[in-house]
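Scroll down for the structure; my scribbles are underneath it.
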Amino acid sequence: QVKLVEAGGGLGQPGGSLRLSCAASGALFCIRAIDWYRQGPGKQRELVAAITSGRSPNYADSVKGRFTISRDNAKKTVYLQMNSMIPEDTAVYYCHIQTTDYALLYDYWGPGTQVTVSS
């Protein structure tokens with residue numbers, strides 16, 4: 001019953017910025033982790049940014065200092081601010097949320113949004 005939908009992807013220029021959002025619907029209790037993944041052409045899906053309960057956000061080395069993950073609990077929305085973009089950022093970006101009922105873990109994924117960085 002939980003649904004995630006990403007938005008904000010599109011065409012960006014090198015050095016430019018895009019802000020991705022991930023809107024959640026349905027009941028999300030006991031959120032354990034909130035993450036952004038991406039999968040570039042011919043590449044494996046990789047973790048880009050994550051918020052883990054009780055920890056500060058962590059980022060892939062390739063995006064440190066450029067990307068920022070955040071969330072608005074009231075809006076049930078997760079964001080990925082992407083600054084100083086480079087062509088290597090081109091990928092489909094996926095939002096992921098993991099919840100727990102204190103016995104099991106549950107993973108929810110959005111369908112992805114395309115980000116293309118090109119002149």
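In this text, all values refer to a predicted model and were calculated from it rather than measured experimentally. Throughout, numbering of the chain's residues begins at 1 and tracks the sequence.
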- Task: Find the distance between CG (Leu11) and OG (Ser118) and round it off to the nearest 0.5 Å.
- Result: 6.5 Å
- Task: Return the orientation label for the His96 and Tyr37 ring planes: parallel under 30°, perpendicular over 60°, tilted otherwise.
- Result: perpendicular
- Task: Can you measure from CD (Glu88) to OG (Ser62) and round to the nearest 0.5 angstrom?
- Result: 9.5 Å
- Query: Can you find a heavy atom in the side chain of Pro14 that is under 4.5 Å from one in the side chain of Ile86?
  - Reply: no
- Evaluate the criterion side-chain contact (heavy atoms from CB on, under 4.5 Å) for residue pair Arg32 and Thr99; output intermediate values, then yes/no. CA-CA 5 Å; Arg32 192 169 182 266; Thr99 66; over 6 Å; no
- Distance-only side-chain donor-acceptor flag, Tyr79 / Asp72, under 3.5 Å: no
- Take Trp36 and Glu6 through the test side-chain contact (heavy atoms from CB on, under 4.5 Å) and record every step on the way to the result. CA-CA 10 Å; Trp36 283 96; Glu6 301 96 340; 3.8 Å; yes
- Query: Looking at side-chain heavy atoms only, is the closest gap between Arg66 and Tyr59 below 4.5 Å?
  - Reply: no
- Is Tyr106 linked to Ile34 within one hydrophobic cluster, defined over Ile, Leu, Val, Met, Phe, Trp and Tyr using a side-chain heavy-atom separation of less than 4.5 Å? yes
- Query: What are the two closest heavy atoms between Thr77 and Ser21, and how far apart are they?
  - Reply: CG2-CB, 4.0 Å
- Item | Closest non-hydrogen atom pair, Asp35 against Ile51 | OD1-N, 4.4 Å
- Could you tell me the separation between the SG atom of Cys30 and the CG atom of Leu105, rounded to the nearest 0.5 Å? 11.0 Å
- Query: Mind checking whether Leu80 and Trp109 sit in one hydrophobic cluster, side chains of I, L, V, M, F, W, Y counted as touching below 4.5 Å?
  - Reply: no
- Item | Distance in Å, Gln81 CD paired with Ser70 OG, rounded so as to fall on 0.5 Å steps | 8.0 Å
- Query: Can any side-chain N or O of Lys76 pair as donor or acceptor with the backbone N or O of Leu28 at less than 3.5 Å?
  - Reply: no
- Does the Thr90 side chain pair with the main chain of Val117, one donor and one acceptor, at a distance under 3.5 Å? yes
- Query: Within a radius of less than 6.0 Å around CD of Gln13, do more than 12 heavy atoms belonging to other residues, nucleotides or ligands occur?
  - Reply: no
- Pairwise distance CZ(Phe67) to CZ(Arg19) - rounded to 0.5 angstrom: 14.5 Å
- Pairwise distance CG(Leu4) to OH(Tyr108) - rounded to 0.5 angstrom: 9.0 Å
- Message: Restricting to non-hydrogen atoms, name the atom on Ser53 and the atom on Ile31 that form the minimum distance, rounded to 0.1 Å.
- Response: CB-O, 4.0 Å
- Query: Would you say the side chain of Val115 lies within less than 4.5 Å of the side chain of Val92, judging by non-hydrogen atoms?
  - Reply: no
- Message: With clusters defined by side-chain heavy atoms of hydrophobic residues (ILVMFWY) lying less than 4.5 Å apart, directly or transitively, does Val78 cluster with Phe29?
- Response: no
- Can you check whether Asp89 reaches Arg38 side chain to side chain, under 4.5 Å on heavy atoms? yes
- Quick one: closest heavy-atom pair of Gly112 and Tyr94, and the distance? CA-CD2, 3.5 Å
